[in-house]
**Student:** 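Before anything else, here's the structure in question.
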Amino acid sequence: MAIPEATLVGSFEKKIPLVSFGTAEYPFGASAHSVKDVILDAIKIGYRHFDSAALYQSEKPLGEAVKEALSLGLIKSRDELFITSKLWCSDAHRHCVLPALQKSLKSMELEYVDLYLVHWPVSVKPGEYELLVKKKDLVPIDIKAVWEAMEECYKLGLAKSIGVSNFTCKKLQALLATSKIPPAVNQVEMNPLWQQKKLRELCREKDIIITAYSPLGAKGTLWGKNWVMDCEGLQQIANQKNKTVAQICLRWVYEHGVSLLVKSFNKERMKENLDIFDWKLSSEESRMISEIPQRKGFPGEEFISDDGPYKSLEALWDGEI
Ligand SMILES: NC(=O)C1=CN([C@@H]2O[C@H](COP(=O)(O)OP(=O)(O)OC[C@H]3O[C@@H](n4cnc5c(N)ncnc54)[C@H](OP(=O)(O)O)[C@@H]3O)[C@@H](O)[C@H]2O)C=CC1
Ligand SMILES: O=C[C@H](O)[C@@H](O)[C@@H](O)[C@H](O)C(=O)O
């Protein structure tokens, strides 16, 4: 079954597939798998949207997989795919944005990305890409300047749409107040244990598509928790419906009209994660999920420093930019 899609504001050319394939595996660049082969399997199984980032070191294998998919005839044209990449914090400076995108495009051997995102509302001094940023290198982000450079990438046709990631309400509003081209997407953590109600309302009102990352709570990853997959209420619903907890989580996200990213490098689980379109949650099941106590999974402590710009997790997640 083809993956349902949504229209992006500002992008008349292409719709965004609502279930996407996450290419981040920690530690970055050290996967036991051939990431290229994994992505080829995902294309064979039906995934068309691939989420990458300069940080993940998955751009090169993604580009290689696209090339091979074309030569194998799995796709007729690169246009059949929706490719997202992200600007890392050390490039979140006006003069670094375009060169960073050009570098990403070179790694992927692509002419354009379908979506380019500001990875975090955070800047660190230009330099190496590091999984854990050095606190002494954290500097305030000049979002107006960074966004103008993102708009330039869009105007040049190098990014068919532009957006942000990890922006909460106040930060998104600050960006909306200065942007000429509004962000098409905000990619954030969202799953039954972190439902993002307030942010979803704002994004709906502003026509910004949310992309949910870590829909399974990132179980088994560097920072992930078992809270989501081990949640009793979700297990109960899964048993009743003869589905897996993963499928219940993904279906729940999908039913909220947002797009989602899920990462599995295992073929069976890749298939399982797409098997969510021909059934639905009952209103009673949705109600049960809406009552699950909320608990944020992704900490973000690495972006907090006594010297600022964000001095507490509250400032990072709820404060002004
Ligand atoms: N913008 C941002 O800051 C962030 C973006 N992301 C993006 O979102 C993507 C997905 O999020 P991620 O954090 O990886 O978390 P997910 O919630 O997608 O969880 C991934 C983990 O779940 C396992 N898994 C996948 N499917 C199943 C299944 N059906 N049953 C049981 N286990 C399963 C995977 O293992 P296995 O591979 O062995 O199946 C992996 O350990 C990332 O790859 C990345 O592209 C993620 C975090 C932050
Ligand atoms: O230092 C922080 C971490 O690297 C974090 O930023 C990443 O894990 C990222 O959000 C992702 O997209 O996976």
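Along the sequence shown, the residues carry numbers beginning at 1. Here the structure is a predicted model, which means the values were calculated and not measured. Every number for a ligand or one of its atoms is a count from 1 in the order of the listing.
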**Student:** Drop me the distance from Lys225's NZ to Cys231's SG, to the nearest 0.5 angstrom.
**Tutor:**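 These two atoms lie 15.5 Å from each other.
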
**Student:** If you count the atoms of ligand 1 from 1 in the order shown, which ones are under 4.0 Å from a heavy atom of Ala246?
**Tutor:**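 Answer for ligand 1: 28 (C), 29 (N), 30 (N).
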
**Student:** Can you tell me which residue and heavy atom of the protein come closest to atom 13 (O) of ligand 2, and the distance to 0.1 Å?
**Tutor:**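 Answer for atom 13 (O) of ligand 2: Tyr26 OH, 2.7 Å.
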
**Student:** Can a salt bridge be assigned to the pair Glu268 and Lys271 using a cut-off of 4.0 Å between side-chain N and carboxylate O?
**Tutor:** yes

**Student:** Starting at CE of Met108, measure out to OG of Ser58 and round the result to the nearest 0.5 Å.
**Tutor:** 8.5 Å

**Student:** Begin with the C-alpha distance, continue with both residues' side-chain angles, and end with the deciding distance and a verdict on side-chain contact (heavy atoms from CB on, under 4.5 Å) for Val97 and Asp91.
**Tutor:** CA-CA 6 Å; Val97 176; Asp91 287 320; over 6 Å; no

**Student:** Check the hydrophobic clustering (I, L, V, M, F, W, Y; side-chain heavy atoms under 4.5 Å; chains of links allowed) and say if Leu176 and Trp147 are grouped together.
**Tutor:**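 Result: yes, single cluster for both.
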
**Student:** Once rounded to the nearest 0.5 Å, what's the spacing between atom CZ of Phe277 and atom CG of Leu250?
**Tutor:** 9.0 Å

**Student:** Distance to 0.1 Å, residue and atom name: give those for the protein heavy atom nearest to atom 2 (C) of ligand 1.
**Tutor:** Tyr213 CE2, 3.2 Å

**Student:** Measure from atom 13 (O) of ligand 1 to every heavy atom in Ser214, Ser264, Gly297 and give the option owning the shortest one.
**Tutor:**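 Among Ser214, Ser264, Gly297, the closest heavy atom to atom 13 (O) of ligand 1 belongs to Ser214.
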
**Student:** Starting from atom 1 (O) of ligand 2, find the nearest protein heavy-atom neighbour and note its residue, name and distance.
**Tutor:**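 Closest protein heavy atom to atom 1 (O) of ligand 2: Leu131 O, 2.5 Å.
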
**Student:** Checking side-chain contact (heavy atoms from CB on, under 4.5 Å) between Ile248 and each of Lys241, Gln235, Gln240, which is the one that passes?
**Tutor:**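 Checked Lys241, Gln235, Gln240 against Ile248; only one passes side-chain contact (heavy atoms from CB on, under 4.5 Å): Lys241.
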
**Student:** Going by the angle between their ring planes, with limits at 30° and 60°, are Trp120 and Phe298 parallel, tilted or perpendicular?
**Tutor:** tilted

**Student:** Could you tell me whether Trp88 approaches ligand 2 through its side chain, its backbone, both or neither, with non-hydrogen atoms closer than 4.0 Å?
**Tutor:**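 Near ligand 2, Trp88 shows its side chain, while the N, CA, C and O stay back.
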
**Student:** Does ligand 1 have an atom that lies less than 4.0 angstrom from a heavy atom of Tyr56?
**Tutor:** yes

**Student:** Identify the protein heavy atom lying closest to atom 9 (C) of ligand 2, giving its residue, its atom name and the separation to 0.1 Å.
**Tutor:**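 I find the closest protein heavy atom is His119 NE2, 3.5 Å.
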
**Student:** For the residue pair Phe21 and Phe265, categorise the inter-ring angle as parallel (less than 30°), tilted (30 to 60°) or perpendicular (more than 60°).
**Tutor:**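 If you compare the ring of Phe21 with that of Phe265, the planes turn out parallel.
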
**Student:** Looking only at protein heavy atoms, which one is nearest to atom 5 (C) of ligand 2, and how far off is it?
**Tutor:** Phe298 CZ, 3.6 Å

**Student:** Nearest protein heavy-atom contact for atom 6 (O) of ligand 2: which residue, which atom, what distance?
**Tutor:** Trp120 NE1, 3.0 Å

**Student:** Ignoring hydrogens, just give me the one of Ala218, Ala53, Ser31 whose non-hydrogen atom is nearest atom 19 (O) of ligand 1.
**Tutor:**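 Residue with the shortest heavy-atom distance to the ligand atom: Ala218.
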
**Student:** Nearest to atom 28 (C) of ligand 1, what protein heavy atom do you find, and at what distance?
**Tutor:** Arg269 CD, 3.4 Å

**Student:** If we only consider heavy atoms of Val262, is any one of them less than 4.0 Å away from an atom in ligand 1?
**Tutor:**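 It does, in that a heavy atom of Val262 comes within the 4.0 Å cut-off of ligand 1.
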
**Student:** So which of Leu55, Asp51, Val124 gets nearest to atom 7 (C) of ligand 2, if we judge by its closest heavy atom?
**Tutor:** Leu55

**Student:** Do Trp194 and Tyr254 share a hydrophobic cluster, counting only Ile, Leu, Val, Met, Phe, Trp and Tyr and linking them when any side-chain heavy atoms are less than 4.5 Å apart?
**Tutor:** no

**Student:** Considering only the protein, which heavy-atom contact is closest to atom 26 (N) of ligand 1, and what is its distance?
**Tutor:**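 Protein heavy atom with the smallest distance to atom 26 (N) of ligand 1: Asn273 ND2, 3.0 Å.
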
**Student:** Could you identify the single nearest non-hydrogen protein atom to atom 34 (C) of ligand 1 and state the distance to 0.1 Å?
**Tutor:** Lys263 O, 3.4 Å

**Student:** Are Tyr154 and Tyr116 in one and the same hydrophobic cluster, where Ile, Leu, Val, Met, Phe, Trp and Tyr link if side-chain heavy atoms are under 4.5 Å apart?
**Tutor:**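 Looking at the clustering, Tyr116 is in the same group as Tyr154.
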
**Student:** Please test Ile45 against Leu274 for side-chain contact (heavy atoms from CB on, under 4.5 Å), starting from the C-alpha separation and ending with a verdict.
**Tutor:** CA-CA 9 Å; Ile45 287 168; Leu274 283 189; 4.0 Å; yes

**Student:** Nearest to atom 17 (O) of ligand 1, what protein heavy atom do you find, and at what distance?
**Tutor:**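 Closest protein heavy atom to atom 17 (O) of ligand 1: Leu216 N, 2.8 Å.
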
**Student:** Could you tell me, atom by atom, which parts of ligand 1 come under 4.0 Å of a heavy atom of Gln187?
**Tutor:** 1 (N), 2 (C), 4 (C), 5 (C)

**Student:** Within ligand 1, which atoms have a heavy atom of Met229 less than 4.0 Å away?
**Tutor:**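 What qualifies from ligand 1 is 30 (N), 31 (C), 32 (N).
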
**Student:** Can you pull out the closest protein heavy atom to atom 45 (O) of ligand 1? Residue, atom name and distance to 0.1 Å, please.
**Tutor:** Asp51 OD2, 2.6 Å

**Student:** Counting heavy atoms only, which of Thr84, Asn166, Asp275, Leu55 comes nearest to atom 3 (O) of ligand 1?
**Tutor:**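 Looking at heavy atoms only, Asn166 sits closest to atom 3 (O) of ligand 1.
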
**Student:** Among all protein heavy atoms, pick the one closest to atom 2 (C) of ligand 2 and tell me residue, atom and distance.
**Tutor:**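 Protein heavy atom at minimum distance: Glu302 OE2, 2.8 Å.
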
**Student:** Around atom 22 (O) of ligand 1, find the nearest protein heavy atom and jot down its residue, atom name and distance.
**Tutor:**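 Checked against all protein heavy atoms, atom 22 (O) of ligand 1 sits closest to Lys219 O, 3.5 Å.
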
**Student:** Considering heavy atoms of the protein only, find what lies nearest to atom 10 (C) of ligand 1 and give residue, atom and distance to 0.1 Å.
**Tutor:**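 For atom 10 (C) of ligand 1, the nearest protein heavy atom comes out as Leu261 O, 3.6 Å.
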
**Student:** Enter the distance from Met190:CE to His256:NE2 here, rounded to the nearest 0.5 Å.
**Tutor:** 6.0 Å

**Student:** Do Ser179 and Glu151 get their side chains close enough for a donor-acceptor pair, meaning under 3.5 Å?
**Tutor:** no

**Student:** Which of the atoms of ligand 1 are close to Thr23, meaning less than 4.0 Å from one of its heavy atoms?
**Tutor:**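 Near Thr23, meaning under 4.0 Å from one of its heavy atoms, ligand 1 has 43 (O), 45 (O).
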
**Student:** So, Asn166 versus Glu189: side-chain donor-acceptor pair below 3.5 Å or not?
**Tutor:**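 No.
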
**Student:** Can you pull out the closest protein heavy atom to atom 11 (C) of ligand 2? Residue, atom name and distance to 0.1 Å, please.
**Tutor:** Tyr56 OH, 3.3 Å

